[in-house]
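To start, the structure itself, in C-alpha cells.
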Amino acid sequence: MQEEIVIVGAGQAGAQVAQSLRQGGFEGPLRLIGEEAHPPYQRPPLSKKFLAGEVGPEGLWLRPPAFFETNKIDHIPSTRVVSVDRAGKRLHLENGDTLSYGKLVLATGTSARSIPLEGADKTGVATLRSIADVDAIREGMKEAARVAIIGAGYIGLEVAAVAKALGKEVSVIEAQDRPMKRVVSETVSDFFTRLHGYNGIDLRLNTGVEAIVGEEKATGVRLSGGEVIDAGLVLIAVGAEPNDHLAAECGLEVDNGILVDGTGQTSDPDIYAVGDCTRFYSGKYQRSVRMESVQNAIDQAKAVAQALLGQEVDYDPLPWFWSDQYEIKLQIAGLSEGYDNTAVVGSPGDKKFYVAYLKAGKLIAVDSINSPRSHMMARRVIGEDWREDLLPDA
C-alpha cells in the first residue's frame, strides 16, 4: 500500500500537487488541509474582479467540491496545523487532534506583510490576502467615501483602480520615489504614475506614514510631514512574507522561505514544500529566488508531484506574472533584477509598448503593456543575445 501523503495548505499550489498526484497514478491516501472554509481558489482575481463584484466566490474555485470527492482527495477545511513532529511523522492541529503522514508537502503560501504602524489595529484598516479580507474591504467601502492605500505595488494599484471605478476618492501613499520600483523600470513606473493620475488617483510618492488616526475606527492617515489624509478605509499593501514559521519551528532550513532543491525536497527527505513559501536556486538566473506567482505555484507543484511519484525532475522555471489596472494589462516575463540596460519598443503614449531588460547583452526579462505577442515570444527567447528583431513590434 502506498504511504499517505498530506498537503498542508489548500491554495493553488497545494491543490495542484493533489491533482497532479492523482493524475500521475498515485492511489494512496491523500489529504489536503486548509485554514479557510472555502474550497481551493484563485487569489489573483481578489484585488480585481472579485473586489469589483464581477465574480462571486464560486467563480474563484479551482475545482468544484465534487472534484475532490471523485478523486478521493480528503479536503479538510477550516483546520490549522500548529506543529510538525518530524521524528514521529505527525501533525498537531489547533483543535488538539493529530494526523500522521508518510510524506508531507508544505504549501503554506504567504501572509500580508505587517508594518509597525500606530493605529494599524483600528477598525477600518485592512490587508488583502483572502476572500474574507475582500469581504471586509467591500463592507468598509460601503460607508467610506475616501480610501487610503499604503503601498504602490501590484495589490495597492489594482485596488486603487477598482475603488476608483466604484466611485471612491483614492489616495495611494508610497515611500519610494516611484510605484512598483522593486519590479519594474523607470519607464514602466512613469507610465503607471501617469495612468493613475489621469484616472484621478492622489498618488503620493516619497511619502512616509506616521500613523493611522481615529478613535476606535480609522478616519485617516497622518503622513510623515504631519498632513492628515481623510479616509474611511485604509488598506495596508506593502508586500507579502512567506509562511515558513511551521517549517522553521520543526527544524527545516529556511531563509525568507523554505529552502528546497530542484525536486521541491526540504532538508528533511520526507518533507517537500511548494509555491510562494519556498526559496530555491534558479539556474537560469544563477541565484536563489522566491517567487509569488500563479505560474510558480502550478509548475512547481507539478514538479513536486512528479518527484513524489519517483520521477526525475529538476525545477528551473522561467517565471511570468501579470497585473490588470483599468484597461491596461501588464505582463512580465522573467526577472529583471540586476539589469544593466533596457530597450523600449513601442510608445507609452499609445498605451502599447514593452521594455526589454538586458544584462551583459542578453535578454533577462520583458515588461509588456497591452502587448501580448511580445510577452508570449519573450517567454521563448529569454536568455538569448539581444537584437532588435528578437521580439515582434509592440
Side-chain angles (χ1 to χ4, degrees), residues 42-55 59 149 151-166 170 172 174 176 178-201 203 205 237 291-296 298 318-337 339 341-358 363-384 386-394:
Q42 308 171 65
R43 294 191 190 276
L46 290 176
S47 56
K48 300 180 274 284
K49 290 186 176 182
F50 185 67
L51 177 59
E54 297 176 20
V55 297
I149 300 170
Y154 294 134
I155 297 296
L157 295 181
E158 289 169 358
V159 172
V162 172
K164 191 64 180 179
L166 294 174
V170 182
V172 178
E174 170 58 52
Q176 300 282 349
R178 54 188 178 90
M180 300 186 290
K181 183 173 183 176
R182 186 173 62 90
V183 290
V184 301
S185 65
E186 288 187 23
T187 300
V188 178
S189 288
D190 290 346
F191 173 80
F192 280 95
T193 297
R194 292 193 299 271
L195 175 70
H196 284 276
Y198 175 80
N199 281 278
I201 302 298
L203 181 57
L205 302 174
M291 299 180 190
E292 299 169 14
S293 72
V294 170
Q295 168 271 319
N296 181 61
I298 293 174
L318 175 75
W320 51 268
F321 319 82
W322 78 92
S323 176
D324 296 319
Q325 299 172 37
Y326 309 104
E327 76 282 10
I328 301 299
K329 179 174 284 293
L330 166 64
Q331 294 171 288
I332 298 176
L335 301 174
S336 62
E337 182 181 344
Y339 70 93
N341 200 5
T342 61
V344 180
V345 178
S347 171
D350 294 335
K351 298 183 180 180
K352 187 176 184 182
F353 68 102
Y354 64 84
V355 177
Y357 297 83
L358 315 178
L363 181 67
I364 62 169
V366 176
D367 293 345
S368 300
I369 288 81
N370 287 348
S371 181
R373 289 181 64 239
S374 68
H375 173 73
M376 295 306 297
M377 180 60 73
R379 286 161 57 176
R380 302 176 195 171
V381 301
I382 282 177
E384 295 188 18
W386 173 252
R387 60 180 190 275
E388 289 186 0
D389 64 347
L390 186 61
L391 297 174
D393 291 339

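The structure presented is a predicted model; accordingly, all values stated were derived computationally and were not measured.
Between Phe191 and Phe353, the distance separating the two ring centers is shorter than 6.0 angstrom.
By the 6.0 Å contact criterion, CG on Asp190 is enclosed, its count of non-hydrogen atoms from other residues, nucleotides or ligands being greater than 12. Around the CZ atom of Arg387, the shell of radius 6.0 Å holds more than 12 heavy atoms that belong to other residues, nucleotides or ligands. No more than 12 heavy-atom neighbours from other residues, nucleotides or ligands sit within 6.0 angstrom of NZ on Lys49. At most 12 heavy atoms of other shown residues, nucleotides or ligands fall within 6.0 angstrom of atom CD in Glu388. In this structure, Lys352 places its NZ atom where only 12 or fewer heavy-atom neighbours from other residues, nucleotides or ligands lie under 6.0 Å away.
Side chains of Thr342 and Glu186 form no contact here, defined as non-hydrogen atoms less than 4.5 Å apart. Contact of the Arg182 side chain with the Gln176 side chain is not registered, since no non-hydrogen atoms from C-beta on lie closer than 4.5 Å. No side-chain heavy atom of Leu195 sits under 4.5 Å from any side-chain heavy atom of Tyr198. Looking only at side-chain heavy atoms (C-beta outward), Met180 and Tyr154 come within less than 4.5 Å of each other. By the 4.5 Å heavy-atom criterion applied to side chains, Lys329 and Trp322 are counted as neighbours. Proximity of Ile369 to Pro348: side-chain heavy atoms (C-beta onward) are nowhere separated by under 4.5 Å. Taking the side chain as every heavy atom from C-beta outward, Val355 and Tyr339 never approach each other to under 4.5 Å. In this structure, the side chains of Leu157 and Pro179 come closer than 4.5 Å at one or more pairs of heavy atoms.
Applying the salt bridge (Lys or Arg N to Asp or Glu O under 4.0 Å) criterion to Arg178, with sequence neighbours excluded, gives no partner residue.
Ile149 and Gly156 make their closest contact through CD1-O, 3.5 Å (heavy atoms, listed as atom of the first residue, atom of the second, distance). Contact detail for Ala160 and Val172: the closest heavy-atom pair is CB-CG2, 3.8 Å. Of all non-hydrogen atoms in Ser336 and Val183, the two that sit nearest each other are OG-O, 3.4 Å. The two atoms that bring Leu318 and Arg379 nearest to each other are CD2-O, 3.2 Å, heavy atoms only. The shortest heavy-atom contact between Leu166 and Leu51 is CD1-O, 4.3 Å. Residues Ile364 and Glu337 share a closest heavy-atom pair of CD1-O, 4.1 Å.
Considering Val366, Asp367, Leu363 as possible partners of Tyr357, the one that fulfils the side-chain contact (heavy atoms from CB on, under 4.5 Å) test is Asp367. Exactly one of Lys48, Glu158, His196 qualifies for a side-chain hydrogen bond (donor to acceptor under 3.5 Å, both in side chains) with Gln325. That residue is His196.
A salt bridge is defined here as a Lys NZ or Arg NE, NH1 or NH2 lying under 4.0 Å from an Asp or Glu carboxylate O, and Lys181 with Glu174 fails to meet this definition.
To the nearest 0.5 angstrom, Ile155 atom CD1 is 4.0 Å from Ser47 atom OG. Taking CE of Met377 as the reference point, atom OG of Ser368 lies at 11.5 Å (rounded to 0.5 Å). Within the model, atoms CD of Gln331 and OG of Ser374 stand 7.5 Å from one another, a figure rounded to the nearest 0.5 Å. Taken to the nearest 0.5 Å, the CG atom of Asn370 stands 4.0 Å off from the CD1 atom of Ile328. Lys164 contributes atom NZ, which lies 7.5 Å from atom OH of Tyr326 (distance to the nearest 0.5 angstrom).
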Query raised in the report: Passes side-chain contact (heavy atoms from CB on, under 4.5 Å), Trp386 versus Leu391? Steps please.
Result: CA-CA 9 Å; Trp386 173 252; Leu391 297 174; 4.1 Å; yes
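Under the 3.5 Å distance criterion, the side-chain polar atoms of Asn341 are left unmatched by any main-chain donor or acceptor of Leu358.
A donor-acceptor contact closer than 3.5 angstrom is absent between the side chains of Tyr354 and His375.
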